[in-house]
Amino acid sequence: MVVKLSDRVEVKWFKQVSPIKATAEDEIAVSGIGTIAAARIIPKDDEPFIAVSMYALLIDPHPTALGRQKYYDGSVHRIISDLSAFIGRTDPGTHRILAAGDLNMEFSRANEKSPWLRRERTIIDRMDALGLEMLGPQYPNGRKADTTPERLPPDTRNVPTSRYLKEPLETITWQLDWAFASRGFHQDIIVRALNQVEEWGSSDHCRLLIEIGGG
């Protein structure tokens, strides 16, 4: 969801509709249930931008597939396809889009031949093609794991944002939450993971603090 929490901005929400050939000005076509919400944010002292909340659903493989491991990149590719509607044919760098949320992926693997790493990189490639830069959060904009897990490279800048089954916050290692913004617009944005134990909150995911134009 995109929720208004300040009188400093006006929010115009887009109604979600099924993918169709064309949408009205106040609509957004959504390919996956519960994967995306969007709104036009109009600050009183800055230029408007599009804010997108993302969630990559974990999907069961087809019964004919070998193995039963759920996959997530299919959800993200649907989200990216829906984001494409905001780009049009003009230079992607002229847009002002901010998209953030739980993508259920790490974008960092120690094994360069990992099929999951290759599949995750297709996400980065498609975001880049739309002119969307990854903003992290990455260290030092968040606390790193005390011990780097073997699945990640030793020089990883990932910062844990999610815990599993109420594991102790001191030992979590998974970064599943990410933010992207239009190229050029991204230079005015800072993203930080509020993942210190004392600031975490009640969710199994920490909050991301996203400051635009220095706050």
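- Across all their heavy atoms, A181 and L135 have their closest contact at CB-CD1, 3.6 Å.
- Atom CE in M105 sits 5.5 Å away from atom OH in Y72 (nearest 0.5 Å).
- In this structure, P43 and F49 have side chains that are in contact, with non-hydrogen atoms separated by less than 4.5 Å.
- I210 places a side-chain heavy atom less than 4.5 Å from the side chain of I189.
- When the side chains of ILVMFWY residues are joined at heavy-atom separations under 4.5 Å, either directly or via intervening members, L209 and W178 end up in two distinct hydrophobic clusters.
- Hydrophobic clustering, with ILVMFWY side chains joined whenever heavy atoms are under 4.5 angstrom apart, groups I80 together with Y71.
- Nearest heavy-atom pair across C206 and A193 is SG-CB, 4.1 Å.
- R40 CZ to I28 CD1: the interatomic distance, rounded to the nearest 0.5 Å, is 13.5 Å.
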Using the side-chain hydrogen bond (donor to acceptor under 3.5 Å, both in side chains) rule, take H62 and T64 through it: C-alpha gap first, then chi angles, then the decisive distance, then the call.
CA-CA 5 Å; H62 192 271; T64 61; 2.8 Å; yes

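- A cation-pi contact links R151 to W174, judged by a cut-off of 6.0 Å to the six-membered ring centre and 45° from its axis.
- Atoms CD and CD, on E106 and Q175 in that order, are 8.0 Å from each other to the nearest 0.5 Å.
- Within the 4.5 Å cutoff, the side chain of Q196 has no heavy atoms near those of the L194 side chain.
- Within the 4.5 Å cutoff, the side chain of V17 has no heavy atoms near those of the V30 side chain.
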Candidate pair N141 and V159, rule side-chain contact (heavy atoms from CB on, under 4.5 Å), full reasoning
CA-CA 8 Å; N141 292 322; V159 293; over 6 Å; no

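- Shortest non-hydrogen contact noted between R126 and S81 is NH2-OG, 3.1 Å.
- No continuous path of hydrophobic side-chain contacts links I42 to F185 [ILVMFWY only; heavy atoms under 4.5 Å].
- Geometrically, R157 does not engage Y139 in a cation-pi contact, judged by NZ or CZ lying under 6.0 Å from the ring centre and within 45° of the ring axis.
- Between T35 and Y55 there is no side-chain heavy-atom pair separated by less than 4.5 Å.
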For S162 and D102, run side-chain contact (heavy atoms from CB on, under 4.5 Å): C-alpha distance rounded to whole Å, both residues' side-chain angles, the deciding distance at 0.1 Å, then the answer.
CA-CA 9 Å; S162 175; D102 174 8; over 6 Å; no

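- When the side chains of ILVMFWY residues are joined at heavy-atom separations under 4.5 Å, either directly or via intervening members, V191 and I41 end up in a single hydrophobic cluster.
- One finds the NE2 atom of H95 at 11.5 Å from the CG atom of L83 (value rounded to the nearest 0.5 Å).
- Side-chain contact between D146 and T171 is absent, with no heavy-atom pair separated by less than 4.5 Å.
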List the steps and the verdict of side-chain hydrogen bond (donor to acceptor under 3.5 Å, both in side chains) for H77 and S31.
CA-CA 10 Å; H77 281 295; S31 304; over 6 Å; no

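- The local environment of CG in D7 is sparse, with at most 12 non-hydrogen atoms from other residues, nucleotides or ligands closer than 6.0 Å.
- Ion pairing between a basic and an acidic side chain is recognised when a charged N comes within 4.0 Å of a carboxylate O; R78 and D73 show no such pairing.
- A salt bridge is absent between D177 and R207: the closest approach of a Lys/Arg side-chain nitrogen to an acidic carboxylate oxygen does not fall below 4.0 angstrom.
- The CG atom of L103 sits 6.0 Å away from the CD1 atom of I79 when rounded to the nearest 0.5 Å.
- The main-chain N or O of I36 is found under 3.5 Å from a side-chain atom of Q16 such that the two form a donor-acceptor pair.
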As a quick check of understanding, evaluate salt bridge (charged side-chain N to carboxylate O under 4.0 Å, His left out) for R96 and D46, giving each step before the final call.
CA-CA 12 Å; R96 289 169 62 86; D46 202 351; 3.8 Å; yes

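- Counting heavy atoms from C-beta on, the side chains of N158 and Q138 come closer than 4.5 Å.
- The heavy-atom pair separating A39 from V2 by the smallest distance is CB-CG1, 3.8 Å.
- Heavy-atom minimum distance, V76 versus A56: CG2-CB, 3.5 Å.
- At distances below 3.5 Å, not a single donor-acceptor pair connects side-chain atoms of T156 with backbone N or O atoms of P153.
- Linking ILVMFWY residues whenever their side-chain heavy atoms come closer than 4.5 Å, directly or via other members, places I172 and V197 in the same cluster.
- Taking a cutoff of 4.0 Å between a charged side-chain nitrogen and a carboxylate oxygen, R163 and D204 do not qualify as a salt bridge.
- The shortest side-chain heavy-atom distance between R192 and P137 does not fall under the 4.5 Å cut-off.
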Candidate pair L98 and I212, rule side-chain contact (heavy atoms from CB on, under 4.5 Å), full reasoning:
CA-CA 10 Å; L98 171 63; I212 301 175; 4.0 Å; yes

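- Rounded to the nearest 0.5 Å, atoms OG (S182) and CD1 (I50) are 9.5 Å apart.
- Using the six-membered ring where Trp is involved, F107 and F180 have ring planes that are perpendicular, over 60° apart on the 30 and 60° scheme.
- Judged purely by distance below 3.5 Å, without hydrogens or angles, the side chains of T161 and N195 never pair a donor atom with an acceptor atom.
- Electrostatic pairing of R143 and E199 does not count as a salt bridge here, judged by no charged N lying under 4.0 Å from a carboxylate O.
- The number of heavy-atom neighbours closer than 6.0 Å to NZ of K4, taken from other residues, nucleotides and ligands shown, is above 12.
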